[in-house]
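Presented below is the structure to which this report refers.
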Amino acid sequence: MPDQSTPPPQPPQPGPVPELFTWEFAADPYPAYAWLREHAPVHRTRLPSGVEAWLVTRYADARQTLADPRLSKNPAHHDEPAHAKGKTGIPGERQAELMTHLLNIDPPDHTRLRRLVSKAFTPRRVAEFEPRVRELTDGLIDRFAESGSADLIHEFAFPLPIYAICDLLGVPREDQDDFRDWAGMMIRHQGGPRGGVARSVKKMRGYLAELIHRKREELPAEPAPGEDLISGLIRASDHGEHLTENEAAAMAFILLFAGFETTVNLIGNGTYALLTHPGQRERLQRALADGDRGLLATGVEELLRYDGPVELATWRFATEPVTIGGRHIAAGDPVLVVLAAADRDPERFADPDALDLGRRDNQHLGYGHGIHYCLGAPLARLEGQTALAALLTRLPDLRLAVEPDELRWRGGLIMRGLRTLPVEFTPSRR
């Protein structure tokens, strides 16, 4: 009987494996992902952090993997020594005691915590939040509309979801700029000072602990309509749901962290895709001018598929030996599903490298699949649709201010997004 503890050798491949995780790769990873899909669809590689992990690139394998209960979200199942586990999550979250959030836990704790937070993201609650998202969107555009130029990442795509999620959490308006600074350090972690992310996480943790304490003392006996999310979490922990303060702080932290960067990238990547596909952009502008928002809805789904905000799904760890795409995965091995590769799989999507805003058969994996499907997806879709519609309507001749090859993509493993997006347009009055 063969030794099951030793994985079989990687099958022979035609030519060298494309170089991954370089700056050139970050600018356009799709040719490399196409090679992996065809020749090494489940591929073991060494990541920039030094951790070895399996990359899953085909749609069918990806969808199966995302829903497989044998693949745990808990880093405790990682087979590397404890000191290396910090390489597989958000920098600083372990030291700041923010590990007990939805991206790091499995059922039944995941089920319990997700049930509590899901109340904030029901279609009704998100619809009630739409006027505030429109107000934020218009207010941000007002700040640069008269100048004729802007960096759409730092002046628009970045602040919009920060302020929106802060409102949803219940962070007072006077404190939201602090959150913007901390979040900015997280999103710039490749170019910021060493240890800057961990320091920002620690500051955010201290603030959240203080805010939770203050809100608990001021909590009214009965919830008001549209009660903020942190108050709702406190109320749940005080009424039999057994939510600890660490869990409440970790939940608020991950909703902010996961809720803002994905939307920054959805707006940034989506705008860039439209500006570099003028036919599709004009098609959407015509539909908006005619009062038809149907193309906006399918268009945002296509932008999520075509060049989505999350390149790789967050970490999973095999709790027992599993087989994915014919490859043996040992217990303890990290597995990363490459959403960007799966969503361009020609076995699942017709003409996958083409941008088609009217694409109907579009069950993309941009927000995941299974029990860890992105909880904030309805809010992100609302923000994406509102932002793109406002930009194309209020700044109809929006155009890139630099050549596409001058743009730089942020280095990182999970997220995919531009560092800057300089644009020009005809100045407009309010």
Side-chain angles (χ1 to χ4, degrees), residues 7 10 16-29 32-33 36 40 42-57 62 65-66 71-99 101-105 183 185-202 204 250 253-254 257-258 261-262 265 309-319 324 327 329-341 368 372 408-417 419:
Q10 191 93 345
V17 177
E19 193 170 4
L20 306 176
F21 310 118
T22 64
W23 290 112
E24 293 77 14
F25 169 85
D28 183 10
Y33 288 150
L36 288 176
V42 181
H43 174 66
R44 187 175 176 92
T45 189
R46 183 176 294 275
L47 305 173
S49 64
V51 174
E52 290 196 358
W54 294 91
L55 303 181
V56 179
T57 54
T65 302
L66 292 171
L71 294 166
S72 169
K73 299 292 292 175
N74 189 340
H77 291 291
H78 192 190
D79 66 348
E80 288 208 11
H83 69 83
K85 292 178 184 175
K87 297 178 180 179
T88 62
I90 300 168
E93 65 177 355
R94 186 180 300 276
Q95 294 87 337
E97 298 183 318
L98 291 170
M99 291 290 291
H101 57 68
L102 291 175
L103 297 185
N104 284 339
I105 58 175
M185 181 56 69
M186 292 177 185
I187 207 170
R188 293 192 301 270
H189 61 85
Q190 293 295 322
R194 185 176 180 84
V197 178
R199 284 194 295 272
S200 293
V201 169
K202 186 176 181 180
M204 193 177 290
F253 165 74
I254 200 59
F257 186 86
E261 191 169 3
T262 52
N265 295 345
V310 184
E311 189 166 343
L312 283 75
T314 49
W315 294 84
R316 283 164 169 78
F317 306 92
T319 59
I324 303 173
R327 300 291 291 152
I329 311 296
D333 277 2
V335 177
L336 291 164
V337 175
V338 187
L339 305 177
H372 290 284
R408 293 293 175 264
W409 296 80
R410 286 193 303 275
L413 190 64
I414 302 298
M415 300 292 182
R416 173 165 172 77
R419 291 188 173 194

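Computed from a predicted structure; not experimentally measured.
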> Do L47 and L336 have side-chain heavy atoms sitting under 4.5 Å apart?
Replying inline: yes

>> Counting C-beta onward and ignoring hydrogens, is there a side-chain heavy-atom pair between V42 and V335 closer than 4.5 Å?
In response: no

>> On the six-membered ring of W23, is R408 placed so that its NZ or CZ lies under 6.0 angstrom from the centre and within 45° of the ring axis?
In response: no

> Are the side chains of N265 and V310 in touch, meaning some heavy atoms are under 4.5 Å apart?
Replying inline: no

> Are E311 and M415 side-chain neighbours, meaning at least one heavy-atom pair lies under 4.5 Å?
Replying inline: no

> Do you know the tightest heavy-atom contact between L339 and A313?
Replying inline: CG-N, 3.8 Å

>> Under the rule for side-chain contact (heavy atoms from CB on, under 4.5 Å), what residues qualify as partners of A32, not counting sequence neighbours?
In response: P18, L20, F25

> Can you find a heavy atom in the side chain of L71 that is under 4.5 Å from one in the side chain of I324?
Replying inline: yes

> Within the side chain of R410, is there an N or O that forms a donor-acceptor pair under 3.5 Å with the backbone of A26?
Replying inline: no

> Rounded to the nearest 0.5 Å, how far does CZ of R327 lie from CZ of R44?
Replying inline: 9.5 Å

> With sequence neighbours left out, what residues match R46 under side-chain hydrogen bond (donor to acceptor under 3.5 Å, both in side chains)?
Replying inline: E52

>> Any heavy-atom pair between the side chains of F317 and D333 that's under 4.5 Å?
In response: no

> What heavy-atom pair brings A27 and R416 nearest, and what distance separates the two atoms?
Replying inline: O-NH2, 3.4 Å

> Minimum heavy-atom separation for T57 to A40, with atom names?
Replying inline: OG1-O, 4.3 Å

> So how far is it from L413 CG to W315 CH2, rounded to the nearest 0.5 Å?
Replying inline: 5.5 Å

>> Could you measure the distance from the NZ atom of K73 to the OG1 atom of T314? Nearest 0.5 Å is fine.
In response: 2.5 Å

>> Could you walk me through whether V56 and L66 satisfy the side chain to side chain contact (heavy atoms under 4.5 Å, CB included) test, starting with their C-alpha distance in whole Å, then the side-chain angles of each, then the deciding distance to 0.1 Å, before giving a yes or no?
In response: CA-CA 10 Å; V56 179; L66 292 171; over 6 Å; no

> How long is the gap from CD1 on I414 to CD on E261, to the nearest 0.5 Å?
Replying inline: 10.0 Å

